[in-house]
Protein chains: 2
Amino acid sequence: MPRPRASRLDPERRQTLLAVAAEEFAEHGFDGASYNRILERAGFSKGVAYYYFEGKDDLYAAVLALTLDTLAQRFGAWQRPADADGFWRTLRERYFALTTHIVNDERSARLLRSMSQARTHPKLQEAWLRFEGPLVAWFQRVLADGRALGAVRGDVPESLLLTSLMGIGQATDGWLLEQWAHSGVPALQRGAEQVFSLFEDLLVPRPVGPPPAKRR
Amino acid sequence: MPRPRASRLDPERRQTLLAVAAEEFAEHGFDGASYNRILERAGFSKGVAYYYFEGKDDLYAAVLALTLDTLAQRFGAWQRPADADGFWRTLRERYFALTTHIVNDERSARLLRSMSQARTHPKLQEAWLRFEGPLVAWFQRVLADGRALGAVRGDVPESLLLTSLMGIGQATDGWLLEQWAHSGVPALQRGAEQVFSLFEDLLVPRPVGPPPAKRR
DNA sequence: GTCAGTATTGGACCAGTGGTCCAATCATCG
DNA sequence: CGATGATTGGACCACTGGTCCAATACTGAC
C-alpha cells in the first residue's frame with residue numbers, strides 16, 4: 001500500500017513517475033524492471049521515492065491499480081441478464097470489447113500480462129491479494145449468474161470452472177495476439193470468435209443422458 | 001547450452017551442483033534463486049562455475065533438462081492408439097499417471113511450474129526453445145492422432161486447441177494441488193477426474209446440426 | 001520577524017546480485 | 001626436468017533494491 005503522504009505528492013510529478021514506471025514494468029516485467037532506472041528517468045532521488053512509496057513492489061501495485069481502474073471503468077459492472085440467451089450475448093460482447101481494448105492499448109495489455117508473474121512472486125503477494133479479490137469476485141458473480149440462468153453447467157465445482165476459464169483465457173490471449181501480429185485484424189476477429197466458442201463449449205451445461213451418437 | 005567441457009566435470013561434483021541448484025530453483029524460481037548461494041552450498045567457486053557453465057541461465061537449463069529427461073523416460077513415447085476409444089483411454093491413463101507423479105515428487109513439480117516464468121524471461125529464451133520444441137511436438141502428435149481417429153474436433157485450428165489445452169492444464173494443475181492440500185488424496189482423484197472431463201469437453205468433436213434442445 | 005518543529009529532499013552508503021578476469025596451481029607429456 | 005594447457009580460487013566490477021541522515025524548505029505560533 002502506498003504511504004498516505006503519497007496523495008500529497010505533486011500530481012504532475014506523480015503522473016510522470018507512474019507513466020515511466022508503467023513503461024518500464026510493461027517492458028521488462030516486475031523482476032526485469034530496474035527501480036533505479038525508473039527513478040532516474042522520472043527525476044526522482046532515492047530519498048523522495050522511498051518517502052512516498054514503500055518500495056518497488058509498492059510502485060508496481062500503484063501502476064497496476066491505475067491500469068485496472070481504467071479497465072474497470074471502461075467495462076463497468078456486471079448486471080445479471082434476464083435469460084440464458086442474454087447471458088451469452090452480454091458475455092460475448094464483453095469479451096470482444098476486451099480483445100479490442102487489449103489490441104489497442106498494448107502497454108496496458110503487457111502490464112496486465114505481467115500480473116501472472118505477480119501471483120507467485122513473494123514480494124507481490126500483498127499487491128496480488130488486493131487485485132485478485134475483485135477480479136475473482138467479478139468472474140464468480142458471472143459464473144453464478146450463468147448457473148442461475150441455466151446457461152452454465154453445474155456438474156463441476158465452480159472453483160474449477162473459474163480456474164479453467166482464467167487459464168484458458170490467459171493462454172488464448174497470447175494466441176490471439178499472435179494471430180493479430182501474423183494476419184491482421186480479420187484474423188483477430190475470426191480468432192476471437194473461435195476462442196469464445198471454446199469458452200461456450202467449456203461452460204455450457206452438458207446434455208443429459210448418454211453421449212450423442214457419432215453422426216456424419 | 002552447457003560448455004562442452006561440462007562433461008569432463010567430476011560426475012559427483014556435477015551431481016551435487018545440479019541437486020543443490022534444483023532445490024534452489026524449485027524453491028525460488030529462476031529470478032528468485034541466488035546463483036551465489038547455489039555455488040557456495042555446492043562448494044563451487046565462481047571460477048569453476050563459469051568454467052563449466054555459461055551462467056545462471058545455463059545451469060537452470062541443465063537442471064530443467066535433467067528433470068524433463070526423467071519425466072520423458074517415465075512416460076515414454078506416444079503411440080497412436082487404434083481407435084477413438086483407445087485414444088481417450090490412453091490419454092486418460094497418461095494424465096492420471098502425471099498427476100500422481102506431480103504429487104509424489106513435489107520438487108520436480110515446482111521446478112516444472114517455474115518453467116512458465118521461463119517462457120517470457122529474456123535470458124531464458126534459448127533454454128525455453130530447447131524444451132518447448134519437444135513438448136509442443138508431443139502434444140501436436142497427440143492432437144493430430146486424435147483428429148485422425150475422430151476423437152478430437154477438427155473445426156478449430158490445431159494451434160488454438162493446443163494453446164487452450166496447455167493453458168487449462170497449467171491452471172488446473174495448481175487447482176489440483178489445492179484440492180490435494182485441503183482435502184487429501186481422494187479429493188485429488190475426484191478432482192483429476194473432473195479436470196479430465198473438461199479436457200474431453202474441450203476436445204471432443206462438436207455434434208453436428210443445431211445444438212440439442214435443453215432437456216430435463 | 002523569529003524561531004521551533006515538521007515536511008521534504010538529495011545522495012552517500014549498504015549488502016547482495018550475476019558476471020569477468022587473471023594469477024597461481026595442477027596434471028600431463030615430450 | 002621443463003613446458004604447455006587444463007583447472008582453480010577469489011579479487012573485482014557494475015549493477016540491484018533498500019536504508020539512512022544531514023541539509024533544506026516550509027509551516028504556524030508567538
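Note: hydrogens, waters and symmetry copies are ignored here, and every other heavy atom, side chains too, is used. Here is how names work: the chains are called A, B, and so on, in the same order as the sequence lines, proteins then strands, and each is numbered from 1. What you see is a predicted model, and the numbers here were worked out from it, not measured in a lab.
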A/Tyr50 side chain N/O closer than 4.0 Å to the phosphate oxygens (OP1, OP2) of D/dG17?
no

Atom CG of B/Asp10 and atom C1' of C/dA27 are separated, to the nearest Å, by 15 Å

The single option from B/Arg113, B/Arg110, B/His182 that satisfies side chain to side chain contact (heavy atoms under 4.5 Å, CB included) with B/Leu177 is B/Arg113

Closest heavy-atom pair and its distance - A/Phe53, A/Ala62:
CE2-CB, 4.0 Å

Does A/Lys56 have a side-chain nitrogen or oxygen under 4.0 Å from the phosphate oxygens OP1 or OP2 of D/dG17?
yes

Against the side chain of B/Tyr51, the closest entry in D/dA6, D/dG9, C/dT17 is D/dA6

What is the distance, rounded to the nearest whole Å, between atom CZ of A/Phe44 and atom P of C/dG10?
9 Å

How close or far is atom P of D/dC15 from atom CG of B/Asn36, stated in whole angstroms?
17 Å

Write down the distance between CZ (A/Phe30) and P (D/dT16), rounded to a whole number of angstrom.
14 Å

Rounded distance (Å) that lies between atom P of C/dG18 and atom CG of B/Asp31:
10 Å

Short side-chain N/O contact to C/dT9 OP1/OP2 from A/Arg13, under 4.0 Å
yes

If you measure only the distance, is there a donor-acceptor pair under 3.5 Å linking the side chains of B/His121 and B/Asp31?
yes

Candidates C/dG11, D/dG10, D/dT8 - which lies nearest the side chain of B/Lys46:
D/dG10

Could you give the NZ-to-C1' distance, from B/Lys123 to D/dT16, as a whole number of Å?
13 Å

Below 4.0 angstrom from OP1 or OP2 of C/dG16, is there any side-chain N or O of B/Ser34?
no

